[in-house]
Amino acid sequence: MKQKSVNCKLSGMHQNDWNSFFLVEKATMRKNQLTEHHMPEQKKQTSSGNKKIPAGSATPASMSFNARIEGIHYDVLDQLIGYAVRRAQLSIYEDFAASLAAEDITPQRFSSLVIIENNPGISQTKLSEVMGIARSGVVSIIDGFEKNGFVERQAAGDRRSYNLLLTKAGIRELKKYKKLVETHDERISGNLTVAEKQQLRALLRKLGTESAD
């Protein structure tokens with residue numbers, strides 16, 4: 001059975017600029033079915049007080065993931081597509097965290113804001129489907145956005161359902177995040193040619209799509 005596709009126009013952006021980011025992000029979340037509220041957080045002392053940041057977030061001063069360590073024999077791991085994707089994903093997430101460390105934004109939160117902006121009125125249930133995470137995880141993400149004044153919940157016909165819209169503050173913040181993520185994406189794909197980037201996106205689409213029985 002083929003996976004249902006959801007068409008989301010990325011207004012204000014060149015769609016190809018983000019394809020590699022979203023495909024790796026979606027493949028990872030589909031595989032692990034992560035919920036953000038289940039992820040442990042650690043407190044980081046700042047000059048303005050205590051600020052929570054996701055556990056494992058990499059910064060230039062913290063641990064750095066090395067995809068290939070000299071003298072280590074990887075055996076069958078080097079033959080596995082999943083291991084290669086996961087290894088690349090760790091490096092990408094590390095750079096993302098360092099790039100947006102001051103913004104308290106994760107790939108899941110960023111992706112949610114982009115989807116909401118380009119699909120105004122999307123329901124929490126549909127957002128959960130698009131993101132590939134549990135509905136409870138989406139609720140946790142939206143709770144944080146609503147608290148910060150970035151997202152507005154509007155009651156739908158079903159009292160248990162809400163339609164989501166970005167506020168003016170949310171639109172303004174997302175514009176800033178897009179610039180940072182675009183710089184991050186250019187940096188992590190800097191060793192690839194334009195043709196190689198296109199090929200990688202095409203292959204990732206194949207990898208992230210279920211085959212028909």
Could you tell me if the side chain of L127 sits less than 4.5 Å from the side chain of I142, heavy atoms only? yes
Got L174 and V114 here, is their nearest side-chain heavy-atom distance under 4.5 Å? yes
So that I can tick it off, tell me whether K176 and E103 are bridged by a salt bridge, with the cut-off set at under 4.0 angstrom between side-chain N and carboxylate O. yes
To the nearest 0.5 Å, tell me how far L113 CG sits from E117 CD. 8.5 Å
Under a 4.5 Å cut-off applied to non-hydrogen side-chain atoms, are S91 and E94 in contact? no
R172/T167 under side-chain hydrogen bond (donor to acceptor under 3.5 Å, both in side chains): CA gap, chis, key distance, verdict: CA-CA 9 Å; R172 184 173 58 251; T167 63; over 6 Å; no
I141 vs I133 side-chain heavy atoms within contact, under 4.5 Å: yes
CG-CD1 distance between L166 and I115, expressed to the nearest 0.5 angstrom: 11.0 Å
Heavy-atom closest pair, residues S128 and A134: OG-C, 3.5 Å
So if you build clusters from Ile, Leu, Val, Met, Phe, Trp, Tyr with side-chain heavy-atom gaps below 4.5 Å, do L200 and V194 land together? no
Please lay out, stage by stage, how Q89 and R86 fare under the test side-chain hydrogen bond (donor to acceptor under 3.5 Å, both in side chains). CA-CA 5 Å; Q89 186 261 351; R86 175 60 175 168; 2.5 Å; yes
I want to check something: taking the side chain as every heavy atom from C-beta on, are I188 and H184 in contact at a cut-off of under 4.5 Å? yes
Do R153 and N163 come within less than 4.5 Å of each other through their side chains, counting heavy atoms only? no
Looking at T125 and R135, what are the two nearest heavy atoms and their distance? OG1-NE, 3.3 Å
Supply the atom-to-atom distance E152 CD to E146 CD, rounded to the nearest 0.5 angstrom. 8.5 Å
Are side-chain heavy atoms of L165 and I116 found at a separation under 4.5 Å? no
Closest approach of L192 to E196 (non-hydrogen atoms, all atoms of both residues): CA-OE1, 3.3 Å
Below 4.5 Å, heavy atoms only, C-beta onward: do K178 and F110 meet side chain to side chain? yes
Mind checking whether Y74 and Y83 have parallel, tilted or perpendicular rings, split at 30° and 60°? tilted
Kindly say whether D104 contributes a backbone atom to a donor-acceptor pair with the side chain of R109 at under 3.5 angstrom? yes
Nearest heavy-atom approach of F96 to V181 is CE1-CG2, 3.7 Å
